[in-house]
Amino acid sequence: MVKCTVCGRREAVYVRAYSGERLCKKCFVESVENKVRITIARHKMFNVDDKIAVAVSGGKDSLSLLHILAKIEGDFPKTSLCAITVDEGIEGYRDEAVKLATENCDRLGVQLGVVSFKDLYGYTLDEIVEKTKGGKLTPCAYCGVLRRRAINVAAREAGADKVATAHNLDDEAQTFLLNIIHGDPLRTARSGPTLDLAEQGLVQRVKPLSEVLEKEVALYAYLNEISFQDVPCPYAGAALRNDVRSILNRLEEKHPGTKYTVYSSMEKIRQALEETMKTMPLKKCRNCGELTTKTTCKTCQILRKLEGKSEN
Ligand code: SF4
Ligand code: ZN
């Protein structure tokens, strides 16, 4: 039997290649939870009396985050937790996710609020895809922008002070490289682990899983018997992100720790960028007040497009 290098007693179930640790189930689970605690503290994500809304999609990341925060929140009796789910209206896919979100929330005694694209915008994502067939934008481009606003609406309805999203370390490293590949490195300044959006009238976003590897989130979900949806969204295409993901995975396998190095480089660049950008004036969308480089923000442009109006 290979013993756990932390407790020295129980059988190891996981080798953490980048640190050389071999961990038993209990020590692994605790190490992930501690990592999240440290991330929360380091980035001052929560105040003691915050109401935290977890954005739950039904996948392993968001449901693990919900379970971890429910546990951590027990140490802070004045904070409270709720969950929000966006039903984009994807037939045969989202219904299952909403069901899983409901089951997990019931298990944890957390209240769940669901908002749908149909109610908010008048169209399901399926209808939007149908309406915009042949256009330049992918379903994810519409979905991403509209969901961001939907989460904000749900968080407001729930009276939340913070929205916690389940982006993990892999997501963050991929996004950083994608911004560079797309020639848009300045975006990195606006994607940190804590994003204060009060100026735009949006609820503050935090990413407590941003320093945990995706495969460790998956193992955490498995070891804690968390039921989650593991079929991909039918619209998830062969996007550039998939290529970046597999490059990073290959590098990590050959050179353990690469993802952490990319992440910490991103953090250094982000801090430097934030300083520079403080002096750059940003415009507000004339329609909704969201910060934008144009006169109308992306969400409003998309909504106008769907209504058949011009883009400007
Ligand atoms: Fe939306 Fe794309 Fe994610 Fe599907 S894969 S839920 S369309 S962003
Ligand atoms: Zn152990």
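We count ligands from 1, going down the list as the structure has it; atoms in each ligand are counted the same way.
From Thr261, atom OG1 reaches atom CG of Leu251 across 10.0 Å, with rounding to the nearest 0.5 Å.
Comment: Lys259 does not engage Glu252 in a salt bridge, judged by the lack of any side-chain N to carboxylate O separation of less than 4.0 angstrom. Salt-bridge formation is detected for the pair Arg37/Asp75: a Lys NZ or Arg NE/NH1/NH2 atom is positioned less than 4.0 Å from an Asp or Glu carboxylate oxygen. At a threshold of 4.0 Å, the pair Glu253-Arg250 does not count as salt-bridged, since none of the basic side-chain nitrogens sits closer than that to a carboxylate oxygen. Salt bridge annotation for Lys26-Glu30: present, with a cationic side-chain nitrogen under 4.0 angstrom from a carboxylate oxygen. A salt bridge is defined here as a Lys NZ or Arg NE, NH1 or NH2 lying under 4.0 Å from an Asp or Glu carboxylate O, and Arg42 with Glu211 meets this definition.
Around the Zn ion (ligand 2), the protein contributes the following N, O or S atoms at distances under 2.8 Å: Cys4 SG, Cys7 SG, Cys24 SG, Cys27 SG.
Leu108 and Tyr222 fall within the same hydrophobic cluster, where Ile, Leu, Val, Met, Phe, Trp and Tyr residues are linked whenever their side-chain heavy atoms come under 4.5 Å apart, directly or through other members.
Across Lys215, His67, Glu33, a single residue satisfies side-chain hydrogen bond (donor to acceptor under 3.5 Å, both in side chains) together with Tyr220, and that is Glu33.
Around atom 1 (Fe) of ligand 1, protein N, O or S atoms at a distance under 2.8 Å total 1; waters are neither shown nor counted.
The minimum heavy-atom distance linking Lys207 with Glu172 is given by the pair NZ-OE1, 3.0 Å.
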